[in-house]
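Keep in mind the model is a prediction, meaning the values are calculated, not measured. For reference, positions follow the sequence shown, starting with 1.
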Amino acid sequence: MHTALKITTFTAALAATFGTAYGVGNVLDPVVSDDKTTETAQHDSHATSTKDDGGGGDSSGTEAAGGHTAELPGGLQTSEGGYTLDLKTSRIEAGADTELSFAIVKDSTGRNVTAYQREHEKELHLIVASRDLTVYRHLHPTRAADGTWSIPVELPKAGGYRVFADFTPKGAAEGLTLGSDLAVSGPYKPAELPKAAPTAIVDDYKVTLNGELRPGTGSELKLNVTKDGKPVKNLQPYLGAYGHLVALRSGDLAYLHVHPNGEPGDGKTKSGPEVSFTATAPSKGAYRLFLDFKHEGKVRTAAFTVHAGGASAAAEPGADEHGSDSGHGH
């Protein structure tokens, strides 16, 4: 797990359709939408390579001022470190239950990876998000013996989506996050990025965000969970933590995956109501944060829009505290 947020600056073009239909292909699992916030995150295992011991090489980077190489954030490259995300389902239909399948291929051999290191109880974590960041899914696919991953998904709205595979090949020094585009066909209506707000409502829960995301420097983000106005002090461990945070940058969908400061059983981390993260934004701009937490046996997702190096959420008038709709997939 990572304590500092890493976001990639890779430009992603989104095909916009000015009509009633968005001609695209396969769909991913449940997603997030701006109207409601339903549970949606799910992490899943990554394929492991029997004969292809993972050894994810150094990720490529861009040259920064002074001749130094700046590390690229994850998720905006299909191939990196000697591995490629092979998305076998690239087009689906909105509202239809479709099986999404993919594999992680080791470039040097051309074979599917079948051996992984488990991170937060899973070999691979799969994230699916719409380009407008109103639909989000955190999924747990199943890996076949040949290294092919699959999971049934149903995405509620048409448009462009991005699929992220977060994994660590066996033997690798660090993990990788690879991304690929998914097209979802059907009537298409683009949505604006939900407004920034310091609170998000999920079912009977209110989650309050304290702290600011700062470009180029680490900062603490604290998320406080209450139910019916009372602090939730008995959050349940989910994938080995009391909370999971994913951040996506608006525009290119640069991917950020951070876990809390502390973990269950370490003797100092409380089970709520507050979950703390350390995050660093690589640039100014708008970001969408998705917090997964578990209580009373159910995983829920609270979504926030924040501005790194800009106006705080509390300062933005008319912000929608209900945030986005989220869903979980298994």
Asker: Drop me the distance from R131's CZ to D252's CG, to the nearest 0.5 angstrom.
Answerer: 8.0 Å
Asker: Identify the two heavy atoms, one from L289 and one from A247, that lie closest to each other, and give their separation to 0.1 Å.
Answerer: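 Heavy atoms of L289 and A247 come nearest at CD2-CB, 3.4 Å.
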Asker: Kindly give the heavy-atom pair with the smallest separation between T305 and P194, and that separation in Å.
Answerer: OG1-O, 2.8 Å
Asker: Quick one, R162 and L182 - any side-chain contact, counting heavy atoms below 4.5 Å?
Answerer: no
Asker: Just jot down the side-chain contact (heavy atoms from CB on, under 4.5 Å) partners of T269, sequence neighbours excluded, or say none.
Answerer: Y242, D266
Asker: Report all side-chain donor-acceptor pairs from residues 221-233 shorter than 3.5 Å, counting only partners two or more places apart or in another chain.
Answerer:
{"from": "T226", "atom 1": "OG1", "to": "K206", "atom 2": "O", "distance (Å)": "3.3"}
{"from": "K227", "atom 1": "NZ", "to": "E296", "atom 2": "OE1", "distance (Å)": "2.9"}
{"from": "K227", "atom 1": "NZ", "to": "E296", "atom 2": "OE2", "distance (Å)": "3.3"}

Asker: Looking at P264 and G240, what are the two nearest heavy atoms and their distance?
Answerer: CD-O, 3.5 Å
Asker: Walk me through whether D181 and L87 qualify under side chain to side chain contact (heavy atoms under 4.5 Å, CB included).
Answerer: CA-CA 8 Å; D181 288 336; L87 185 60; over 6 Å; no
Asker: Please walk me through it: do N234 and H295 pass side chain to side chain contact (heavy atoms under 4.5 Å, CB included)?
Answerer: CA-CA 7 Å; N234 59 339; H295 189 241; 2.8 Å; yes
Asker: Taking all non-hydrogen atoms of both residues into account, name the closest pair between S276 and E220 and its distance.
Answerer: OG-OE2, 2.5 Å
Asker: As an exercise, state the distance from OH of Y255 to CG of L178, rounded to the nearest 0.5 Å.
Answerer: 11.0 Å
Asker: Assess the side chains of S150 and S101: does a donor N or O sit below 3.5 Å from an acceptor N or O?
Answerer: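 No pair is found: no donor N or O on one side chain lies under 3.5 Å from an acceptor on the other.
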Asker: Between K106 and Y83, is any pair of side-chain heavy atoms under 4.5 Å apart?
Answerer: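 K106 vs Y83: side chains touch.
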Asker: Among T301, V207, L209, which residue satisfies the side-chain contact (heavy atoms from CB on, under 4.5 Å) criterion with L291?
Answerer: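 Only one of T301, V207, L209 forms a side-chain contact (heavy atoms from CB on, under 4.5 Å) with L291, namely V207.
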Asker: In the structure I gave you, are the side-chain heavy atoms of L253 and L133 within less than 4.5 Å of one another anywhere?
Answerer: yes
Asker: Report the distance from atom NZ of K294 to atom NE2 of H244, rounding to the nearest 0.5 Å.
Answerer: 10.5 Å
Asker: Provide the closest heavy-atom pair for Y287 versus S283 in the form atom of the first, atom of the second, distance.
Answerer: OH-O, 2.9 Å
Asker: Would the distance check show the side chain of R249 and the main-chain N or O of A281 forming a donor-acceptor pair, the cut-off being under 3.5 Å?
Answerer: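 No.
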Asker: Just by distance, no angles: are the side chains of E93 and T98 close enough, under 3.5 Å, to form a donor-acceptor pair?
Answerer: no
Asker: To the closest 0.5 Å, what do you measure between CG (L213) and OG1 (T280)?
Answerer: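 If I round to the nearest 0.5 Å, the distance is 8.0 Å.
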Asker: Decide yes or no for V128 and L139: does some side-chain heavy atom of the first lie under 4.5 Å from some side-chain heavy atom of the second?
Answerer: yes
Asker: Side chains of H125 and L239, heavy atoms from C-beta outward: is any pair under 4.5 Å?
Answerer: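 Yes, at least one pair of side-chain atoms sits under 4.5 Å.
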Asker: Which heavy atom of K157 sits nearest a heavy atom of K189, and at what distance?
Answerer: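 Answer, listing the atom of K157 first, then K189: NZ-O, 4.3 Å.
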Asker: If the condition is side-chain hydrogen bond (donor to acceptor under 3.5 Å, both in side chains), which residues does D146 pass it with, not counting sequence neighbours?
Answerer: T148
Asker: With T78, which residues qualify under side-chain hydrogen bond (donor to acceptor under 3.5 Å, both in side chains), at least two apart?
Answerer: none
Asker: Looking at CZ of F304 and CG of L245, how far apart are the two atoms once the value is rounded to the nearest 0.5 Å?
Answerer: 9.5 Å
Asker: Would a hydrophobic clustering, with Ile, Leu, Val, Met, Phe, Trp and Tyr connected at side-chain separations under 4.5 Å, put V105 with V163?
Answerer: no
Asker: Report yes if some heavy atom in the side chain of E174 is under 4.5 Å from a heavy atom in the side chain of T168; otherwise report no.
Answerer: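 No, too far: nothing below the 4.5 Å cut-off.
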Asker: So S219 and E212, do their side chains get closer than 4.5 Å, heavy atoms only?
Answerer: no
Asker: If the condition is side-chain hydrogen bond (donor to acceptor under 3.5 Å, both in side chains), which residues does D97 pass it with, not counting sequence neighbours?
Answerer: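 With neighbours one apart ignored, the set is empty.
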Asker: Say you draw a straight line from CG of L176 to OG1 of T84; how long is it, rounded to the nearest 0.5 Å?
Answerer: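 Answer for the CG-OG1 pair, L176 versus T84, is 10.5 Å.
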Asker: Quick one: list whatever passes side-chain hydrogen bond (donor to acceptor under 3.5 Å, both in side chains) with S250, sequence neighbours left out.
Answerer: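 S250: no side-chain hydrogen bond (donor to acceptor under 3.5 Å, both in side chains) contacts found.
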Asker: Would you check if D166 and E119 make a side-chain contact, meaning some heavy-atom pair closer than 4.5 Å?
Answerer: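 The answer is no; the side chains never approach within 4.5 Å.
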